[in-house]
Structures are given as C-alpha cells and as structure tokens.
Amino acid sequence: MRKRQQAQNEEISTVSQAPGGNQRPNTCCFCWCCCCSCSWYVMQSIWYHIRRSLTVRNEERGEHAGRPTHTTKMENIQVEEESQIPTAEEILSWSHNFDKMMSSPAGRNLFREFLRTEYSEENLLFWLACEDLKNEQNKKIVEDKARNIYEDYISILSPKEVSLDSRVREVINRNLLDPTPHMYEDAQLQIYTLMHRDSFPRFLNSQVFKSLLENTEGSISES
C-alpha cells in the first residue's frame, strides 16, 4: 500500500513538470477566464491540436490498404511546414491581413487545416508547389517539378485539380513545352486571389481561429 502511494506521488510530481524539467506555468484549468496563464495554455493546446492533426493525416497517407487513394508527386509539399508557435502580434495581424498570414509558415499551417475541412486543401498545396518551383534553378529538376505540378493540380484527370479559367490553362499548356520556374505565376495568382476572397473570410469566422484570437487578445490585455 505504501509503495503504491509513493508511486502515485511520484507520478503527480512528474506530471507537474514540463518537458526539460521546467515548472509548467500555473493554470486555472477550471475556469474560462482570460488570465495570462490560461491564455498561454489554451494557445499551446490549440497549436498542438493543429500540428497533431496534420501529422496524423500525413501518417495515414497510404495506410488504407485495399482503398484506392491519390498520392501526388509533390510529396515534399504534402507534409506540414516547420514553424514556431506564432506571437500574439502575429496572430492578431492575420485577422485583417491575408498576405501576412500567407507569409508565415505557422499561419499557412493553420489555414491549411481549415481548408482541409472545406475539402479545398489543394489550393494551398498548389500555391506552395509553385513557390517551391520558383526557387529551383536546375533545368532538369524544373522540368520534372513543372510536369508533376501539372499532373497533380492542373490535369482534369487529377482528383486535386484546382479551378482555373481557360485563358490561364492555355498559357500553362504553352509554357509546358519549355518549362521555367515562373511558368505558373498567372495560375498561382488566380488561386491566391481565390483563397483570399473566398476561403479567408470563412476562415476568420471559423471556431478554431476565433478561439485562438480570443485567447490571444486575452493574453495581451493581461500583459
């Protein structure tokens, strides 16, 4: 009995310590107040949930035996981007500036998770693939990546086909004869504009962003 009680005490002591041996900030877990400790803890929890959701989804790719799935050739774009937990100022800036959110890896990860719920994640994946292509200088690799992007996001046979008008498609078809790092610029701009005007307003009204924003504002007001 004494050994069992000692083990329970040791377990409680371990849980109270954050990774690395540092003491976790005190949090009033049983209230919904906006004190700094609560806001910090909730922001950490929301961010962990987002990262975990993307990680699990990436691990599940190809694990559904017997079920036909579409795997894009731009597999390096499929994984979650490395990012730091955003500052309160960054999060507040996203609420009224789409460009700032898209320039932040953390912002793009959050937006990507929202797009997944709307079954339009391919728009952001296409945009990221185009950004990746722009940074490539090797002609052979440019040709390979350009064709992979076409097959994954432009071809009418692809399940991840993005919505582009006929003019832009004609330009892409011509450019595909001699691929360049910037051959998808018109298409990329069109998809960027679509996300800005169509998806971004709904993202701002989504529960996940509202929760993050409310706790961010609470932490700032208490600091």
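Index from 1, following the sequence.
For the atom pair CG of Asn97 and OG of Ser104, the computed distance is 11.5 Å after rounding to the nearest 0.5 Å. The CZ atom of Phe200 sits 9.0 Å away from atom CG of Asp99, with the distance rounded to the nearest 0.5 Å. If you take OG on Ser120 and CG on Leu194, they are separated by 8.0 Å, rounding to the nearest 0.5 Å. Atom OG of Ser158 is separated from atom CD1 of Ile149 by 12.0 Å, given to the nearest 0.5 angstrom. Taken from OG1 in Thr180 to CD in Glu185, the straight-line distance is 8.0 Å, to the nearest 0.5 Å. The structure places CG of Leu164 at 12.0 Å from CD of Glu170, a figure rounded to the nearest 0.5 Å.
Contact annotation: the side chain of Glu143 approaches that of Pro179 to within less than 4.5 Å [non-hydrogen atoms, C-beta and beyond]. A heavy-atom distance below 4.5 Å is found between the side chains of Arg108 and Met102. Between Val171 and Arg174, some side-chain heavy-atom pair lies under the 4.5 Å cut-off. Using a 4.5 Å heavy-atom threshold, the side chains of Tyr153 and Asn148 count as separate. No side-chain heavy atom of Glu113 sits under 4.5 Å from any side-chain heavy atom of Val208. In this structure the side chain of Ile154 never reaches within 4.5 angstrom of the side chain of Leu176, judged on heavy atoms. A 4.5 Å side-chain heavy-atom check between His182 and Asn175 finds every atom pair outside the cut-off. When side chains are defined from C-beta on, Asp132 does not count as touching Leu128, because their heavy atoms never get closer than 4.5 Å.
The nearest pair of heavy atoms linking Met183 to Ala146 is SD-CB, 3.6 Å. The minimum heavy-atom distance between Arg169 and Val162, with the atom names listed, is NH2-O, 3.3 Å. What you find for Met101 and Trp94 is that their closest heavy atoms are CA-CD1, 3.4 Å. Heavy-atom minimum distance, Val142 versus Leu133: O-CD1, 3.8 Å. Contact record, Ser93 with Glu90: OG-O, 2.6 Å, taken as the closest heavy-atom pair. Nearest approach of Asn205 to Lys210, heavy atoms of both residues: O-CE, 3.5 Å.
The backbone N or O of Arg112 lies less than 3.5 Å from no partner atom in the side chain of Glu121, so there is not a single donor-acceptor pair. Side chain of Glu118 to main chain of Ser199: no donor-acceptor pair is present (N/O by atom type, distance under 3.5 Å, no hydrogens or angles). Counting only distance, with no hydrogens or angles, the side chain of Ser95 and the backbone of Leu92 share a donor-acceptor pair below 3.5 Å.
Ring pair Phe114/Phe111 is parallel by interplanar angle, where below 30° counts as parallel and above 60° as perpendicular. The aromatic rings of Phe209 and Phe203 sit tilted relative to each other, their planes meeting at an angle between 30° and 60°.
Between Glu131 and Lys134, at least one side-chain N (NZ, or NE/NH1/NH2) sits under 4.0 Å from a carboxylate O, which counts as a salt bridge. Under 4.0 Å is where a charged nitrogen must lie from a carboxylate oxygen, and between Asp178 and Lys139 at least one such pair does.
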Any chance you could lay out the side chain to side chain contact (heavy atoms under 4.5 Å, CB included) test for Glu122 and Asp152, step after step, and finish with the verdict? CA-CA 9 Å; Glu122 65 273 5; Asp152 288 340; over 6 Å; no
Verify side chain to side chain contact (heavy atoms under 4.5 Å, CB included) between Arg167 and Asp186, making sure each step is shown before the conclusion. CA-CA 10 Å; Arg167 180 192 64 82; Asp186 288 347; 4.0 Å; yes
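Checking Ser211 against Gln207 by side-chain atom types alone, a donor-acceptor pair falls below 3.5 Å.
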